[in-house]
Amino acid sequence: EKWPQIPLLPSDPQGRATARMIEEICDTVYEATNWVYAEVVWSGRAEGGSASRILDKVEQQTRLIQSWLASKLGGNDYFNGETFGYADVCVAPYLNRSLYYGLGPAQGSPLQEWHARIKVRESVKPTFEEMEAGAAVMAKNMRKFLEGGLRREYRDHRLEAMIKLGGLDVVLEGLRKETIRFGWPEVGV
């Protein structure tokens with residue numbers, strides 16, 4: 001018997017393409033938006049009015065992403081339609097992270113109901129529990145990235161998001177203090 005009995009990707013080309021498009025948006029734009037939130041709130045890379053402006057933009061962008069995801073979910077129980085699949089696996093960690101930050105979809109909305117359905121799945125529940133445990137540890141340790149010795153990696157989509165969401169000064173300050181770095185190969189900046 002082949003596993004999985006229900007394929008993770010839809011069988012039709014358009015469904016597969018949509019699932020992969022959802023993956024791309026989640027792995028880049030959504031991940032980076034959540035990451036900017038953590039950089040501001042957990043690591044304190046911006047304060048006062050600067051932090052407020054960045055977080056306002058993070059919230060706006062999160063709402064836009066969630067609206068787009070809601071349009072892809074449509075009236076279906078899952079992003080693949082009637083069965084849990086690849087796109088659901090891709091959306092789950094990022095939407096869950098937004099909920100953890102207090103930026104989840106509206107109560108009673110289809111996207112919130114989707115999250116309620118998947119969070120009790122045996123294949124998802126342990127991952128969400130691990131995220132919460134890991135988030136608690138990261139929240140306690142993020143300041144170490146500002147105190148020196150540790151540098152956060154600003155990968156391409158994260159760098160773009162930080163700048164796009166109003167954090168150019170955050171990037172410049174991180175470079176000046178050497179508390180941020182770029183991906184490999186990193187040649188002096």
Side-chain angles (χ1 to χ4, degrees), residues 1-42 54-139 155-166:
E1 184 172 317
K2 287 186 176 182
W3 182 90
Q5 292 175 345
I6 299 172
L8 287 176
L9 281 168
S11 59
D12 68 297
Q14 183 175 355
R16 286 193 307 277
T18 298
R20 289 188 174 114
M21 179 176 55
I22 290 169
E23 173 195 24
E24 177 66 19
I25 294 298
C26 287
D27 284 350
T28 57
V29 179
Y30 206 173
E31 187 276 341
T33 302
N34 282 336
W35 183 84
V36 169
Y37 179 95
E39 283 290 273
V40 172
V41 173
W42 287 356
I54 293 169
L55 292 175
D56 284 347
K57 289 181 180 181
V58 164
E59 184 173 353
Q60 290 172 26
Q61 184 155 309
T62 300
R63 300 287 171 234
L64 287 170
I65 294 166
Q66 289 175 1
S67 176
W68 182 82
L69 287 170
S71 75
K72 297 303 173 200
L73 180 62
N76 298 315
D77 284 345
Y78 300 102
F79 284 93
N80 276 13
E82 293 185 21
T83 60
F84 182 83
Y86 188 77
D88 301 287
V89 170
C90 296
V91 174
Y94 303 112
L95 184 71
N96 192 61
R97 177 70 63 156
S98 290
L99 276 153
Y100 184 82
Y101 293 155
L103 299 173
Q107 196 69 17
S109 69
L111 202 53
Q112 185 273 327
E113 290 173 358
W114 170 86
H115 183 267
R117 259 190 308 283
I118 67 152
K119 75 179 185 179
V120 296
R121 292 179 64 88
E122 288 186 37
S123 60
V124 175
K125 188 177 178 182
T127 301
F128 284 4
E129 290 167 353
E130 290 169 0
M131 185 282 306
E132 287 194 26
V137 171
M138 281 299 287
R155 294 193 315 258
D156 52 357
H157 59 284
R158 290 176 173 177
L159 176 63
E160 177 186 342
M162 183 60 84
I163 292 171
K164 180 170 66 174
L165 297 172

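Only heavy atoms go into these numbers, but all of them, side chains included; no hydrogens, no water, no symmetry mates.
- With a 4.5 Å cut-off on side-chain heavy atoms, Asp88 and Val124 do not count as touching.
- Residue pairs satisfying the side-chain hydrogen bond (donor to acceptor under 3.5 Å, both in side chains) criterion with at least one member in residues 6-15, sequence neighbours excluded, are absent.
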Side-chain donor-acceptor distances from residues 68-85 under 3.5 Å, at least two apart:
| from | atom 1 | to | atom 2 | distance (Å) |
| --- | --- | --- | --- | --- |
| Ser71 | OG | Trp68 | O | 2.6 |
| Asn76 | ND2 | Leu73 | O | 3.3 |
| Asn80 | ND2 | Leu8 | O | 2.6 |

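- Between the side chain of Glu160 and the backbone N or O of Ala32, no donor-acceptor pair lies under 3.5 Å.
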List the atom pairs, with distances to 0.1 Å, where a side-chain N or O of residues 105-113 and a protein N or O form a donor-acceptor pair under 3.5 Å, not counting sequence neighbours.
| from | atom 1 | to | atom 2 | distance (Å) |
| --- | --- | --- | --- | --- |
| Ser109 | OG | Ala106 | O | 2.7 |
| Ser109 | OG | Gln112 | N | 3.2 |
| Gln112 | OE1 | Gly108 | N | 3.1 |

| query | Step by step, would you call Trp114 with Val91 a side chain to side chain contact (heavy atoms under 4.5 Å, CB included)? | reply | CA-CA 10 Å; Trp114 170 86; Val91 174; 3.6 Å; yes
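- Taking all atoms of both residues into account, the shortest heavy-atom contact from Pro10 to Ala19 is CD-CB, 4.3 Å.
- Take Thr28 and apply the side-chain contact (heavy atoms from CB on, under 4.5 Å) test, not counting sequence neighbours, and it matches Glu24, His157.
- The salt bridge (Lys or Arg N to Asp or Glu O under 4.0 Å) contacts involving residues 25-38 comprise Glu31-Arg158, where partners must be two or more places apart or lie in separate chains.
- Partners of Thr33 according to the side chain to side chain donor-acceptor pair (under 3.5 Å) rule, which considers only residues two or more places apart in sequence or in another chain, are Gln61.
- The CG atom of Asn34 sits 6.0 Å away from atom OG1 of Thr62, with the distance rounded to the nearest 0.5 Å.
- With sequence neighbours excluded, no residue forms a side-chain contact (heavy atoms from CB on, under 4.5 Å) with Leu64.
- Residues forming a ring pair (Phe, Tyr, Trp, His ring centres under 6.0 Å) with Tyr101 (at least two apart in sequence, or on another chain): Tyr37, Trp42.
- Remark: Arg63 pairs with Glu59 by the salt bridge (charged side-chain N to carboxylate O under 4.0 Å, His left out) rule, at least two apart or across chains.
- To the nearest 0.5 Å, atoms CZ (Arg16) and OG1 (Thr18) are separated by 11.0 Å.
- Distance CZ/Arg117 to NE2/His115: 11.5 Å, rounded to 0.5 Å.
- Residue Leu99 holds its CG atom at 8.0 Å from NZ of Lys119, rounded to the nearest 0.5 Å.
- Side-chain atoms of Gln66 and Tyr30, non-hydrogen and from C-beta on, do get closer than 4.5 Å to each other.
- With sequence neighbours left out, Glu132 forms a side chain to side chain donor-acceptor pair (under 3.5 Å) with no residue at all.
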